[in-house]
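Lettering follows sequence order; numbering is per chain, from 1.
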Amino acid sequence: MPVIQIVIFIILGVVAVGTAVGMLLSRNAVYAALFLVLNFATIAILYLILGAPFIALAQITVYAGAIMVLFLFVIMLLGVEKLPFKERLRGQRLIAILLGVVFLGETVLYLVYHGQAGQLPAPASIQFVSPADLGHVLFNEYMLPFEVTSVILLVALVGAIVLTHREKSAAAAEQV
Amino acid sequence: MPVTYYLVLSAIMFVLGVVGVVVRRNAIVIFMSLELMFNAANLLFVAFAAYYQIVTGQLFVFFVMTVAAAEVAVGLALMVAIFRAKHSIDVDQMNSLKG
(Lines give C-alpha, C1' and ligand atoms only; values in the text may rest on other atoms or scores of the structure.)
Protein backbone atom coordinates (compact mmCIF):
# COMPACT_ATOMS: atom_id res chain seq x y z
CA MET A 1 0.00 0.00 0.00
CA PRO A 2 2.75 2.56 0.79
CA VAL A 3 4.18 1.90 -2.69
CA ILE A 4 1.00 3.15 -4.37
CA GLN A 5 1.07 6.16 -2.08
CA ILE A 6 4.65 7.01 -3.02
CA VAL A 7 3.96 6.48 -6.74
CA ILE A 8 1.02 8.90 -6.57
CA PHE A 9 3.16 11.40 -4.70
CA ILE A 10 5.97 11.15 -7.24
CA ILE A 11 3.58 11.62 -10.16
CA LEU A 12 2.03 14.69 -8.54
CA GLY A 13 5.45 16.00 -7.55
CA VAL A 14 6.79 15.64 -11.09
CA VAL A 15 3.77 17.48 -12.47
CA ALA A 16 4.14 20.24 -9.86
CA VAL A 17 7.85 20.74 -10.50
CA GLY A 18 7.39 20.41 -14.26
CA THR A 19 4.70 23.06 -14.39
CA ALA A 20 6.82 25.36 -12.20
CA VAL A 21 9.76 24.97 -14.60
CA GLY A 22 7.40 25.49 -17.53
CA MET A 23 6.22 28.72 -15.95
CA LEU A 24 9.79 29.95 -15.63
CA LEU A 25 10.74 29.05 -19.19
CA SER A 26 7.65 30.06 -21.15
CA ARG A 27 8.14 33.25 -23.12
CA ASN A 28 4.47 34.07 -23.20
CA ALA A 29 3.04 35.33 -19.90
CA VAL A 30 -0.35 33.76 -20.69
CA TYR A 31 1.25 30.32 -20.93
CA ALA A 32 3.09 31.01 -17.68
CA ALA A 33 -0.24 31.79 -15.98
CA LEU A 34 -1.82 28.60 -17.31
CA PHE A 35 1.16 26.53 -16.13
CA LEU A 36 0.71 28.09 -12.71
CA VAL A 37 -2.99 27.13 -12.67
CA LEU A 38 -2.01 23.50 -13.31
CA ASN A 39 0.58 23.75 -10.54
CA PHE A 40 -2.04 25.05 -8.10
CA ALA A 41 -4.43 22.24 -9.04
CA THR A 42 -1.70 19.65 -8.42
CA ILE A 43 -0.91 21.13 -5.03
CA ALA A 44 -4.63 21.07 -4.24
CA ILE A 45 -4.67 17.31 -4.84
CA LEU A 46 -1.72 16.98 -2.44
CA TYR A 47 -3.70 18.96 0.16
CA LEU A 48 -6.57 16.52 -0.32
CA ILE A 49 -4.23 13.57 0.26
CA LEU A 50 -2.97 15.27 3.43
CA GLY A 51 -6.51 15.47 4.78
CA ALA A 52 -7.29 19.13 4.13
CA PRO A 53 -10.38 19.20 1.87
CA PHE A 54 -11.41 22.76 2.75
CA ILE A 55 -7.94 24.14 2.01
CA ALA A 56 -7.80 22.12 -1.22
CA LEU A 57 -11.06 23.59 -2.50
CA ALA A 58 -10.12 27.08 -1.30
CA GLN A 59 -6.90 26.64 -3.27
CA ILE A 60 -8.89 25.82 -6.41
CA THR A 61 -11.44 28.61 -6.03
CA VAL A 62 -9.22 31.38 -4.62
CA TYR A 63 -5.85 30.69 -6.24
CA ALA A 64 -6.59 28.86 -9.47
CA GLY A 65 -9.87 30.71 -9.84
CA ALA A 66 -9.84 34.26 -8.58
CA ILE A 67 -6.15 35.18 -8.40
CA MET A 68 -5.15 33.65 -11.72
CA VAL A 69 -8.14 35.20 -13.47
CA LEU A 70 -6.93 38.55 -12.12
CA PHE A 71 -3.47 37.80 -13.50
CA LEU A 72 -4.81 36.85 -16.93
CA PHE A 73 -7.08 39.89 -16.92
CA VAL A 74 -4.16 42.24 -16.27
CA ILE A 75 -1.92 40.50 -18.81
CA MET A 76 -4.58 40.87 -21.49
CA LEU A 77 -5.58 44.38 -20.40
CA LEU A 78 -2.01 45.62 -20.73
CA GLY A 79 -1.11 43.42 -23.70
CA VAL A 80 2.27 42.59 -22.21
CA GLU A 81 2.28 38.85 -22.73
CA LYS A 82 5.50 38.99 -24.72
CA LEU A 83 8.64 40.55 -23.36
CA PRO A 84 12.18 40.12 -24.67
CA PHE A 85 13.89 37.22 -22.92
CA LYS A 86 17.38 38.68 -23.11
CA GLU A 87 19.44 39.42 -20.03
CA ARG A 88 20.87 42.85 -19.29
CA LEU A 89 23.59 41.82 -16.87
CA ARG A 90 25.93 39.38 -18.53
CA GLY A 91 25.96 35.99 -16.85
CA GLN A 92 23.21 36.92 -14.40
CA ARG A 93 20.99 34.01 -15.41
CA LEU A 94 23.80 31.49 -15.11
CA ILE A 95 24.79 32.73 -11.67
CA ALA A 96 21.15 32.77 -10.54
CA ILE A 97 20.57 29.17 -11.61
CA LEU A 98 23.88 28.08 -10.09
CA LEU A 99 23.11 29.72 -6.75
CA GLY A 100 19.56 28.33 -6.87
CA VAL A 101 20.94 24.80 -7.27
CA VAL A 102 23.37 25.38 -4.39
CA PHE A 103 20.55 26.70 -2.19
CA LEU A 104 18.38 23.72 -3.08
CA GLY A 105 21.22 21.30 -2.36
CA GLU A 106 21.83 22.88 1.02
CA THR A 107 18.15 22.79 1.96
CA VAL A 108 17.67 19.18 0.87
CA LEU A 109 20.82 18.04 2.66
CA TYR A 110 19.67 19.77 5.82
CA LEU A 111 16.19 18.28 5.55
CA VAL A 112 17.50 14.79 4.94
CA TYR A 113 20.07 14.80 7.73
CA HIS A 114 18.59 17.05 10.39
CA GLY A 115 14.92 17.42 9.49
CA GLN A 116 11.92 15.53 10.81
CA ALA A 117 12.54 11.93 9.95
CA GLY A 118 9.05 10.97 11.15
CA GLN A 119 6.49 9.16 9.09
CA LEU A 120 3.24 10.74 8.05
CA PRO A 121 0.24 8.85 9.36
CA ALA A 122 -1.12 6.25 6.96
CA PRO A 123 -3.73 7.69 4.57
CA ALA A 124 -6.46 5.66 6.25
CA SER A 125 -5.72 7.22 9.62
CA ILE A 126 -5.31 10.83 8.43
CA GLN A 127 -8.50 12.44 9.55
CA PHE A 128 -10.20 14.72 7.07
CA VAL A 129 -10.62 18.06 8.80
CA SER A 130 -14.14 19.08 7.98
CA PRO A 131 -14.91 22.74 7.26
CA ALA A 132 -17.08 22.73 10.39
CA ASP A 133 -14.12 21.79 12.61
CA LEU A 134 -11.97 24.37 10.88
CA GLY A 135 -14.60 27.05 11.37
CA HIS A 136 -14.95 26.09 15.01
CA VAL A 137 -11.24 26.67 15.67
CA LEU A 138 -11.20 29.77 13.46
CA PHE A 139 -14.01 31.54 15.24
CA ASN A 140 -13.06 30.44 18.75
CA GLU A 141 -9.28 30.71 18.92
CA TYR A 142 -8.45 32.92 15.95
CA MET A 143 -11.23 35.47 16.02
CA LEU A 144 -8.94 38.52 16.18
CA PRO A 145 -6.67 37.43 13.28
CA PHE A 146 -9.81 36.72 11.27
CA GLU A 147 -11.10 40.25 11.84
CA VAL A 148 -7.66 41.70 11.05
CA THR A 149 -7.79 39.76 7.78
CA SER A 150 -11.00 41.53 6.86
CA VAL A 151 -9.29 44.89 7.47
CA ILE A 152 -6.35 43.81 5.28
CA LEU A 153 -8.74 42.93 2.47
CA LEU A 154 -10.53 46.26 2.85
CA VAL A 155 -7.22 48.16 2.72
CA ALA A 156 -6.18 46.19 -0.36
CA LEU A 157 -9.51 47.01 -2.02
CA VAL A 158 -9.18 50.73 -1.31
CA GLY A 159 -5.51 50.70 -2.30
CA ALA A 160 -6.20 49.00 -5.63
CA ILE A 161 -8.95 51.51 -6.44
CA VAL A 162 -6.78 54.50 -5.46
CA LEU A 163 -3.84 53.24 -7.50
CA THR A 164 -5.76 52.62 -10.70
CA HIS A 165 -8.12 55.55 -10.40
CA ARG A 166 -7.54 58.10 -13.13
CA GLU A 167 -7.96 61.71 -12.09
CA LYS A 168 -10.67 63.29 -14.16
CA SER A 169 -10.06 66.76 -15.44
CA ALA A 170 -11.79 69.51 -13.44
CA ALA A 171 -14.16 70.33 -16.25
CA ALA A 172 -15.29 66.74 -16.64
CA ALA A 173 -15.75 66.49 -12.88
CA GLU A 174 -17.91 69.61 -12.83
CA GLN A 175 -20.16 68.29 -15.57
CA VAL A 176 -20.85 65.21 -13.49
CA MET B 1 5.65 7.73 3.96
CA PRO B 2 8.21 10.15 5.44
CA VAL B 3 7.20 13.76 5.84
CA THR B 4 10.61 14.67 4.39
CA TYR B 5 9.28 13.95 0.87
CA TYR B 6 6.83 16.82 1.20
CA LEU B 7 9.54 19.05 2.63
CA VAL B 8 11.81 18.33 -0.34
CA LEU B 9 9.01 19.00 -2.86
CA SER B 10 8.28 22.25 -1.07
CA ALA B 11 11.98 23.21 -1.11
CA ILE B 12 12.19 22.54 -4.87
CA MET B 13 9.15 24.70 -5.55
CA PHE B 14 10.45 27.48 -3.33
CA VAL B 15 13.84 27.52 -5.05
CA LEU B 16 12.15 27.58 -8.46
CA GLY B 17 10.18 30.60 -7.27
CA VAL B 18 13.35 32.36 -6.09
CA VAL B 19 15.11 31.65 -9.38
CA GLY B 20 12.05 32.96 -11.24
CA VAL B 21 12.15 36.24 -9.33
CA VAL B 22 15.85 36.67 -10.06
CA VAL B 23 15.89 35.55 -13.69
CA ARG B 24 12.69 36.85 -15.29
CA ARG B 25 12.27 40.49 -16.28
CA ASN B 26 8.51 40.50 -16.84
CA ALA B 27 7.01 41.95 -13.66
CA ILE B 28 3.88 39.80 -13.96
CA VAL B 29 5.91 36.60 -14.20
CA ILE B 30 7.87 37.75 -11.14
CA PHE B 31 4.55 38.04 -9.33
CA MET B 32 3.64 34.51 -10.38
CA SER B 33 6.95 33.28 -8.98
CA LEU B 34 6.00 34.91 -5.69
CA GLU B 35 2.76 32.95 -5.72
CA LEU B 36 4.79 29.80 -6.29
CA MET B 37 6.80 30.54 -3.14
CA PHE B 38 3.59 31.17 -1.17
CA ASN B 39 2.41 27.77 -2.34
CA ALA B 40 5.58 26.03 -1.26
CA ALA B 41 5.15 27.48 2.23
CA ASN B 42 1.48 26.48 2.29
CA LEU B 43 2.37 22.92 1.36
CA LEU B 44 4.68 22.80 4.37
CA PHE B 45 1.93 24.08 6.66
CA VAL B 46 -0.51 21.41 5.48
CA ALA B 47 2.11 18.63 5.58
CA PHE B 48 2.97 19.43 9.19
CA ALA B 49 -0.71 19.82 10.06
CA ALA B 50 -1.16 16.23 8.90
CA TYR B 51 2.05 15.14 10.63
CA TYR B 52 1.09 16.50 14.03
CA GLN B 53 -2.66 15.97 13.47
CA ILE B 54 -3.60 19.54 14.37
CA VAL B 55 -6.01 21.92 12.67
CA THR B 56 -4.04 25.11 13.24
CA GLY B 57 -1.63 24.45 10.37
CA GLN B 58 -4.52 24.46 7.92
CA LEU B 59 -5.85 27.70 9.39
CA PHE B 60 -2.53 29.39 8.71
CA VAL B 61 -2.84 28.42 5.06
CA PHE B 62 -6.22 30.12 5.09
CA PHE B 63 -4.66 33.33 6.41
CA VAL B 64 -1.76 33.14 3.96
CA MET B 65 -4.26 32.80 1.11
CA THR B 66 -6.18 35.93 2.12
CA VAL B 67 -3.00 37.96 2.52
CA ALA B 68 -1.77 36.68 -0.87
CA ALA B 69 -5.06 37.72 -2.47
CA ALA B 70 -4.70 41.23 -0.99
CA GLU B 71 -1.09 41.41 -2.13
CA VAL B 72 -1.99 40.38 -5.68
CA ALA B 73 -4.78 42.96 -5.89
CA VAL B 74 -2.49 45.81 -4.82
CA GLY B 75 0.46 44.52 -6.86
CA LEU B 76 -1.48 44.22 -10.09
CA ALA B 77 -3.00 47.67 -9.52
CA LEU B 78 0.56 49.00 -9.17
CA MET B 79 1.46 47.19 -12.39
CA VAL B 80 -1.39 48.89 -14.24
CA ALA B 81 -0.33 52.29 -12.85
CA ILE B 82 3.31 51.71 -13.86
CA PHE B 83 2.27 50.56 -17.32
CA ARG B 84 0.28 53.77 -17.80
CA ALA B 85 3.34 55.87 -16.95
CA LYS B 86 6.06 53.89 -18.73
CA HIS B 87 4.22 51.75 -21.32
CA SER B 88 6.23 48.75 -20.19
CA ILE B 89 6.40 46.42 -17.20
CA ASP B 90 9.96 45.30 -17.83
CA VAL B 91 11.57 45.63 -14.40
CA ASP B 92 14.78 46.85 -16.05
CA GLN B 93 12.87 49.92 -17.22
CA MET B 94 11.71 50.78 -13.71
CA ASN B 95 14.86 52.64 -12.74
CA SER B 96 13.57 56.09 -11.85
CA LEU B 97 11.35 57.17 -9.01
CA LYS B 98 9.64 59.86 -11.10
CA GLY B 99 7.09 58.33 -13.47
Just by distance, do the side chain of R93(A) and the backbone of R24(B) share a donor-acceptor pair under 3.5 Å?
no

Bottom line for F35(A): the part with an atom under 4.5 Å from chain B's heavy atoms is neither

Rounded to the nearest 0.5 angstrom, the CE-OG1 distance for M13(B) and T42(A) is 8.5 Å

Heaviest contributor of heavy-atom pairs below 4.5 Å to chain B, chosen from L138(A), I97(A), V108(A), is L138(A)

- request: Begin from the C-alpha positions of E35(B) and N39(A) and carry the test side chain to side chain contact (heavy atoms under 4.5 Å, CB included) through to its verdict.
  value: CA-CA 11 Å; E35(B) 296 303 312; N39(A) 185 289; over 6 Å; no

To the nearest 0.5 Å, atom CD1 of I55(A) lies from atom CG of N42(B) at 8.0 Å

Tightest non-hydrogen contact, residues G100(A) and V15(B), listed as O-CG1, 3.3 Å

Separation between OG1 (T56(B)) and CG (L134(A)), nearest 0.5 Å, reads 9.5 Å

Given V21(A), V74(A), V129(A), L78(A), the one with more heavy-atom pairs under 4.5 angstrom with chain B than any other is L78(A)

Report whether V21(B) and V67(B) are members of the same hydrophobic cluster (ILVMFWY, side-chain heavy atoms less than 4.5 Å apart, transitive linking).
no

Cut-off 4.5 Å, heavy atoms of chain B, and the answer for L36(A) is side chain

Shared ILVMFWY cluster between M23(A) and V14(A), side chains joined below 4.5 angstrom?
yes

If one checks every heavy atom of A33(A) against chain B at 4.5 Å, the contacting part turns out to be both

I'd like to check L46(A) versus Y6(B) (side-chain heavy atoms, cut-off strictly below 4.5 Å). Are they in contact?
yes

>> Do V15(A) and L36(B) sit in one hydrophobic cluster, given that two such residues count as connected whenever their side-chain heavy atoms are within less than 4.5 Å of each other, even indirectly?
In response: no

_What I'd like to find out is whether the side chain of L163(A) reaches to under 4.5 Å of the side chain of V80(B), using heavy atoms alone._
no

Looking only at heavy atoms, the pair that brings L50(A) and A50(B) closest together is O-CB, 3.5 Å

* **Pairwise side-chain contact, Y5(B) with L111(A), heavy-atom cut-off 4.5 Å (strictly under)** => no

Heaviest contributor of heavy-atom pairs below 4.5 Å to chain A, chosen from I28(B), L78(B), V19(B), is I28(B)

>> Once you measure the plane-to-plane angle for F14(B) and F103(A), does it fall in the parallel (<30°), tilted (30-60°) or perpendicular (>60°) bin?
In response: perpendicular

Checked V62(A), T107(A), L70(A) vs chain B; the most non-hydrogen pairs under 4.5 Å come from L70(A)

Heavy-atom nearest pair, A73(B) first then A160(A), reads O-CB, 4.0 Å

Original post:
If you group Ile, Leu, Val, Met, Phe, Trp and Tyr by side-chain heavy-atom gaps below 4.5 Å, do V64(B) and Y52(B) land in one group?
Top reply: yes

When the 4.5 angstrom heavy-atom criterion is applied to L43(B) and chain A, the contacting part is both

Applying a strict 4.5 Å limit to non-hydrogen atoms, the region of M32(B) in contact with chain A is both

Q.
Could you go through L76(B) and F73(A), starting from their C-alpha distance and side-chain angles, then the distance that decides it, and tell me whether this counts as side chain to side chain contact (heavy atoms under 4.5 Å, CB included)?
A. CA-CA 10 Å; L76(B) 289 178; F73(A) 177 73; over 6 Å; no

Margin query: Please tell me whether F38(B) and Y63(A) form a close aromatic pair, meaning their ring centres lie under 6.0 Å apart.
Written below: no

All heavy atoms of A29(A) vs all of V29(B), minimum pair found to be CB-CG2, 4.3 Å

Given D133(A), V148(A), L104(A), L99(A), the one with more heavy-atom pairs under 4.5 angstrom with chain B than any other is L104(A)

Applying a strict 4.5 Å limit to non-hydrogen atoms, the region of Q59(A) in contact with chain B is both

Taking V112(A) as the starting point, is it possible to reach V17(A) by hopping between hydrophobic residues whose side chains are less than 4.5 Å apart? yes

If one checks every heavy atom of V155(A) against chain B at 4.5 Å, the contacting part turns out to be neither

Do I152(A) and T66(B) touch side chain to side chain, with heavy atoms closer than 4.5 Å?
no

In this structure, CG of N39(B) is separated from CZ of F40(A) (nearest 0.5 Å) by 4.5 Å

If one checks every heavy atom of T149(A) against chain B at 4.5 Å, the contacting part turns out to be side chain

Okay, F83(B) and chain A: the region with an atom under 4.5 Å from a heavy atom over there is side chain

Between Q58(B) and G51(A) the two heavy atoms that sit nearest each other are NE2-O, 3.3 Å

Check: So, do Q92(A) and V22(B) sit near enough that their side-chain heavy atoms are less than 4.5 Å apart?
Finding: yes

Turns out that what part of F63(B) lies under 4.5 Å from chain A's heavy atoms comes down to side chain

Heaviest contributor of heavy-atom pairs below 4.5 Å to chain B, chosen from F71(A), F54(A), F146(A), is F71(A)

Between the OH atom in Y47(A) and the CZ atom in F45(B), the distance rounded to the nearest 0.5 Å is 10.0 Å

Query raised in the report: Does L24(A) reach the side chain of V23(B), with side-chain heavy atoms less than 4.5 Å apart?
Result: no

Output for pair (E141(A) CD, L59(B) CG), nearest 0.5 Å, gives 8.5 Å

